[in-house]
Amino acid sequence: MREASLGPDRTDARAIVNGLSVDVEEYFQVGAFENTIAKGDWESIASRVEHNTGAVLDLFARCGVKATFFTLGWVAERYPALIRRIIAEGHEIASHGWDHTRVFTMTPDAFRADIDRARKALEDAGGVAIRGYRAPSFSIDRRTPWAHPILAEQGYAYSSSVAPIAHDHYGWREAPRFAFHPVAGSDLIELPVTTVELGQRRFGAGGGGFFRILPYALSKWALRRVNATDGQPAIFYFHPWEVDPDQPRVAGAPLKSNIRHYTQLGAMAGKLEQLTRDFNWCRIDEIALPLAAGRL
Ligand SMILES: [Zn+2]
């Protein structure tokens, strides 16, 4: 694996433009509830994804930022008008797989079929080519050495599917922290979700519970450190359900899952607005495509 160079002139933290992304899925499709809600029951549960993603689009319009929406094929098939609105407002549509099946639970053939089905649904709904992919729950890791080669074979320009940390649900601790070419002889770029290092320890700092549950000042410090000390853009993500304090409560989930899912939902929109004021943001393809093109 080779680290992709951003060049020596990108050291001014204020000049760095960070990658903003939204993983578009229903509140009941998250990993935290996968043992509580069967996929066969999804159709019978009240949908919130169109409403919540609309709220995210409104917020982005207010704040003047563009982002990448990594969207499930399952969502695109049911809400094509949402896909068209995302594109019409200047954002990027990319793939989050078909139905949030984590990559390390699939065979290579099943993975190929999953991303193909998702891409067709997204392209049918949006009428634009899909260039990027994010694995559900950052599930490309040391168990899936075939995943990046399949993305390269299928013509993807970039992936943002690796969490280079040790986490209880996911993570690939040995992976590079910043953009790299995961497949020899291919231009495919992997942009790992942002981590921050403090001494020997490494923390996930690119969104998720770190951003939503802990004080905003910690995220601001971490992202500044990535920009100023590492001289790299951050890759940040959140979910539409995180801006929805009124979502129905899922009964029967483990306490830890419930705490993670429901804490600080009401504060999220304000935190995101602050984030757009404190840093520069762009779509993920605006970071990935120049890196792929500039490959030596
Ligand atoms: Zn997801």
Side-chain angles (χ1 to χ4, degrees), residues 1-23 31-32 65 67-68 70 134-135 137-142 158-182 189-239 242 256 259-260 263-264 267-268 270-284 286-288 291:
M1 293 185 285
R2 291 166 299 123
E3 302 262 358
S5 173
L6 283 167
D9 55 332
R10 300 287 296 269
T11 48
D12 181 353
R14 290 162 302 178
I16 290 185
V17 184
N18 301 288
L20 182 59
S21 62
V22 185
D23 291 357
V65 293
T68 292
F70 293 102
R134 169 166 293 150
S137 306
F138 300 103
S139 55
I140 289 182
D141 61 21
R142 70 180 75 76
Y158 76 91
S159 160
S160 179
S161 304
V162 167
I165 55 165
H167 183 279
D168 57 350
H169 292 305
Y170 56 80
W172 184 3
R173 182 65 173 80
E174 302 77 22
R177 290 177 59 218
F178 299 108
F180 64 99
H181 291 288
I189 288 277
E190 169 63 40
L191 291 165
V193 65
T194 287
T195 55
V196 67
E197 281 187 335
L198 198 57
Q200 301 285 10
R201 302 196 63 186
R202 189 182 291 182
F203 304 91
F210 180 82
F211 181 78
R212 176 165 44 87
I213 297 171
L214 299 178
Y216 173 73
L218 271 178
S219 281
K220 184 173 175 177
W221 167 82
L223 297 181
R224 283 236 186 285
R225 186 175 171 92
V226 166
N227 285 171
T229 304
D230 297 309
Q232 294 278 347
I235 302 296
F236 184 88
Y237 79 104
F238 67 99
H239 306 88
E242 292 185 271
K256 194 171 168 187
I259 290 172
R260 273 191 189 163
T263 300
Q264 291 288 331
M268 187 68 178
K271 279 181 162 179
L272 287 168
E273 288 182 16
Q274 189 64 45
L275 188 72
T276 66
R277 284 195 290 272
D278 288 340
F279 296 91
N280 300 313
W281 297 100
C282 68
R283 299 157 39 140
I284 306 292
E286 291 180 89
I287 294 175
L291 285 175

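If you're wondering where the values come from, they're calculated on a predicted model, not measured in any experiment.
For L214, the side chain to side chain contact (heavy atoms under 4.5 Å, CB included) partners are F210, L218, not counting sequence neighbours. Residues that satisfy the salt bridge (charged side-chain N to carboxylate O under 4.0 Å, His left out) test with E190, not counting sequence neighbours, are absent from this structure. For E273, the salt bridge (charged side-chain N to carboxylate O under 4.0 Å, His left out) criterion is met by R62, not counting sequence neighbours. Applying the side chain to side chain contact (heavy atoms under 4.5 Å, CB included) test to R142 and every residue at least two apart in sequence or in another chain returns W172, E174. Partners of R225 by salt bridge (charged side-chain N to carboxylate O under 4.0 Å, His left out), not counting sequence neighbours: none found.
Side chain of R134 to main chain of S160: a donor-acceptor pair is present (N/O by atom type, distance under 3.5 Å, no hydrogens or angles). At distances below 3.5 Å, at least one donor-acceptor pair connects side-chain atoms of R212 with backbone N or O atoms of R260. Put simply, the side chain of T194 never gets that close to the backbone of G206: no donor and acceptor are under 3.5 Å apart. For the pair N280 (side chain) and V17 (backbone), a donor-acceptor distance under 3.5 Å is absent. With hydrogens and angles disregarded, no donor-acceptor distance shorter than 3.5 Å links the side chain of D278 to the backbone of K220.
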- Item | Worked check of side chain to side chain donor-acceptor pair (under 3.5 Å) between S137 and S139 | CA-CA 5 Å; S137 306; S139 55; over 6 Å; no

- Query: For R283 and T68, what are the C-alpha separation, side-chain angles and deciding distance, and is it a side chain to side chain donor-acceptor pair (under 3.5 Å)?
  - Reply: CA-CA 5 Å; R283 299 157 39 140; T68 292; 5.3 Å; no

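Within the 4.5 Å cutoff, the side chain of F180 has heavy atoms near those of the P192 side chain. Side chains of H181 and I189 form a contact here, defined as non-hydrogen atoms less than 4.5 Å apart. Residues R177 and R202 form a side-chain contact, since some pair of their non-hydrogen atoms from C-beta on lies under 4.5 Å apart. Using a 4.5 Å cut-off on side-chain heavy atoms (C-beta onward), L191 and I284 make contact. For the pair I165/F203, no side-chain contact is recorded, criterion being any heavy-atom separation below 4.5 Å from C-beta on. Within the 4.5 Å cutoff, the side chain of F70 has no heavy atoms near those of the V22 side chain. T195 is not listed as a side-chain neighbour of V226, based on a closest heavy-atom distance of 4.5 Å or more. By the 4.5 Å heavy-atom criterion applied to side chains, N18 and I235 are not counted as neighbours.
Residues D141 and R173 are not paired through a salt bridge, judged by the lack of any N-O separation under 4.0 Å between the basic side chain and the carboxylate.
The distance from atom OG of S219 to atom CD of Q274, rounded to the nearest 0.5 Å, is 11.5 Å. Of the inter-residue distances, the one linking L275 atom CG with M268 atom CE reads 8.5 Å to the nearest 0.5 angstrom.
For residues 212-236, the set of pairs meeting the ring pair (Phe, Tyr, Trp, His ring centres under 6.0 Å) definition, not counting sequence neighbours, comprises F211-F236, F236-W281.
The neighbour count for R277 CZ, taken as heavy atoms of other residues, nucleotides or ligands under 6.0 Å away, is above 12.
Of all heavy-atom pairs between S159 and I140, the closest is OG-CD1, 4.4 Å. Taking every heavy atom of both residues into account, L223 and A205 meet most closely at CD2-O, 3.7 Å.
A cation-pi arrangement is present between R224 and F279, with the terminal nitrogen or guanidinium carbon under 6.0 Å from the aromatic centre and inside a 45° cone about the axis.
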